[in-house]
*Asks:* 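Structure in structure tokens, see below.
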Amino acid sequence: MIAHIRIQQEDFDLNDEIEALTGETSGIGAVANFVGVVRGDDGLTALTVEHYPGMTERQIGSCVEEARGRWPLLGITIIHRIGTLQPGARIVLVAVAAAHRGAAFSACEFLMDYLKTRAPFWKREDCGDEVRWVEPRVSDADAAKRWA
Amino acid sequence: MIAHIRIQQEDFDLNDEIEALTGETSGIGAVANFVGVVRGDDGLTALTVEHYPGMTERQIGSCVEEARGRWPLLGITIIHRIGTLQPGARIVLVAVAAAHRGAAFSACEFLMDYLKTRAPFWKREDCGDEVRWVEPRVSDADAAKRWA
Amino acid sequence: MTLVYFAWVRQKIGIAQETFPAPPNVKTVQDLIDHLQRRGGGYADVFADPARLRAAVNQEHAPFDTALSPDDEVAFFPPVTGG
Amino acid sequence: MTLVYFAWVRQKIGIAQETFPAPPNVKTVQDLIDHLQRRGGGYADVFADPARLRAAVNQEHAPFDTALSPDDEVAFFPPVTGG
């Protein structure tokens, strides 16, 4: 199983990413994807994503290994954008390929929950002149606990 | 909430579909997608999808209504291809937009489970000279029962 | 009454659609199944084992005890396999 | 020892990274927190309430009782908010 992990400023092309995943193996019947989008509510004007280079790839890599041990997966692509993003911009892609949809859906949710609570990213919100660091959501910690 | 339902022979463009979904509302933070792919195992050379025009749209429409009643959703796109498809081709897209990922993931899985067991599509497989109609999977019926 | 057939049901019967002037004793989907089976040929083959079939009345999934009216559109097909 | 800071921890301290020759009494992450807090200024502010902080040692999440070695890379940051 091939895992693609990328941390980048640029946007991603969903068609290309899904084709890259499904072109690799003939047994793929299901691709579950999650696309995170910068919400434009609460007067947000820009969102800046910072990360810990090295640790990010290591933590995402260990989430991927854990997912592979739990479900019969045929491919994983994780892309997380960094830098300054506008409302409506795509911020993260988690795509999981498998023979059947049950494994693909479960692993995609698992990876998002683990990414949210383990990968060292931090978001700073600009709302006009005000700047604030995003606080973690309790619901994200609860979501990750489901898999323990 | 806008729901896009299309039954078509042509392939779909994932970027366009996700942009159409997320461009409509500013509060969207999560898009869960499912892409079904024609599996090329078991010597399959072609898959032909037949449907019941009219009933298909009606049944998918009622699945969408049920999903809207269960989760706070901001947009749904369902595209199902018909006609003859090659192994590796994309056959179905279910994309669900919401403020947060929990609702988007659950509704996407729900819609796939209901689509599989309620929408009047039938698949015929060509494996060289042999032609066979696909039998329903018991696991699909079980998956749909989770939501009852 | 309009009858429509899909997948291997259509293939065995040999037509996709037909107009059916229902006799008075055909009051439910099950009555219709029994009636069609007596036609013989592809009909006998298709309707010999109704457990393999599903029905819809006016484009809604319908159990076999569903009552029928003269203007109904009744469909017979195998369990669905889309998605 | 290399110390690295992220998000508001980095902003308050004013630097992203520094080399730190750990004194012998700094044996755990908690010892390091206590030591840095005594530096005053931005450090005092950041390390006054360790419950708001998380730590990593050599790029793995680390509880505050984790033992430290002279060559370790130790990071301090708020709870992560990616995805």
Side-chain angles (χ1 to χ4, degrees), chain B residues 5 7-8 34-39 47-63 78-83 85 90-94 108-125 131-144, chain C residues 1-20 22 28-30 32-33 36 41-83:
Chain B
I5 299 172
I7 314 300
Q8 62 187 39
F34 179 83
V35 178
V37 177
V38 179
R39 274 196 311 281
L47 183 81
T48 302
V49 181
E50 171 177 336
H51 81 125
Y52 183 174
M55 180 168 172
T56 308
E57 292 79 356
R58 182 189 288 250
Q59 293 300 316
I60 296 178
S62 79
C63 295
I78 297 179
I79 301 173
H80 203 299
R81 293 178 70 189
I82 53 172
L85 303 171
R90 303 187 290 194
I91 181 170
V92 65
L93 169 69
V94 172
C108 189
E109 271 203 271
F110 169 88
L111 286 167
M112 273 307 301
D113 289 345
Y114 269 45
L115 197 68
K116 284 253 179 194
T117 51
R118 290 195 184 179
F121 292 99
W122 299 275
K123 289 183 189 137
R124 202 189 68 203
E125 294 179 338
V131 169
R132 60 173 180 244
W133 290 92
V134 174
E135 296 284 330
R137 296 169 68 219
V138 172
S139 62
D140 286 331
D142 291 344
Chain C
M1 208 171 278
T2 303
L3 308 185
V4 287
Y5 309 116
F6 294 95
W8 55 255
V9 175
R10 172 179 48 72
Q11 288 192 314
K12 287 188 177 183
I13 290 177
I15 54 172
Q17 184 169 339
E18 63 182 304
T19 300
F20 177 71
T28 66
V29 174
Q30 184 63 56
L32 180 57
I33 289 171
L36 293 172
Y43 290 96
D45 190 9
V46 163
F47 292 104
D49 185 5
R52 300 180 61 203
L53 294 179
R54 299 293 179 271
V57 174
N58 299 326
Q59 306 190 350
E60 297 288 351
H61 292 288
F64 291 172
D65 60 359
T66 303
L68 295 178
S69 304
D71 291 337
D72 284 345
E73 175 177 298
V74 184
F76 290 105
F77 43 76
V80 301
T81 56

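Here the structure is a predicted model, which means the values were calculated and not measured. To find a chain, count down the sequence lines: A is the first, B the second, and so on, and within it residues start at 1.
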*Asks:* Measure distances from B:R118 to the heavy atoms of chain C and classify the residue's part below 4.5 Å as side chain, backbone, both or neither.
*Replies:* both
*Asks:* What part of C:Q11 gets closer than 4.5 Å to chain B, counting heavy atoms only: side chain, backbone, both or neither?
*Replies:* side chain
*Asks:* Given the options B:R81, B:K123, B:H80, B:M112, which has more heavy-atom pairs under 4.5 Å with chain C than any of the others?
*Replies:* B:K123
*Asks:* B:V134 versus chain C, heavy atoms under 4.5 Å apart: side chain, backbone, both or neither?
*Replies:* both
*Asks:* Is it the side chain or the backbone of C:R10 that comes within 4.5 Å of chain B heavy atoms, both, or neither?
*Replies:* side chain
*Asks:* Find out whether C:V80 and B:W122 are in side-chain contact, i.e. whether some heavy atom of one side chain is under 4.5 Å from a heavy atom of the other.
*Replies:* yes
*Asks:* Who wins among C:E73, C:H61, C:R54 for the most heavy-atom pairs under 4.5 Å with chain B?
*Replies:* C:H61
*Asks:* Do B:M55 and C:F77 make a side-chain contact, defined as non-hydrogen atoms from C-beta onward lying under 4.5 Å apart?
*Replies:* yes
*Asks:* Heavy-atom pairs under 4.5 Å with chain C - which of B:G36, B:G54, B:S62, B:A141 has more of them than the others?
*Replies:* B:G54
*Asks:* For chain B, which of C:A7, C:A75, C:P78 has the most heavy-atom pairs under 4.5 Å?
*Replies:* C:A7
*Asks:* Counting heavy-atom pairs under 4.5 Å to chain B, which of C:A56, C:G83, C:P79 comes out on top?
*Replies:* C:G83
*Asks:* Return yes if some donor-acceptor pair links the side-chain N/O of B:Q59 with the main-chain N/O of C:Q59 below 3.5 Å, else return no.
*Replies:* yes
*Asks:* So which atom in C:F6 and which in B:H51 form the shortest heavy-atom distance, rounded to 0.1 Å?
*Replies:* CE2-O, 3.4 Å
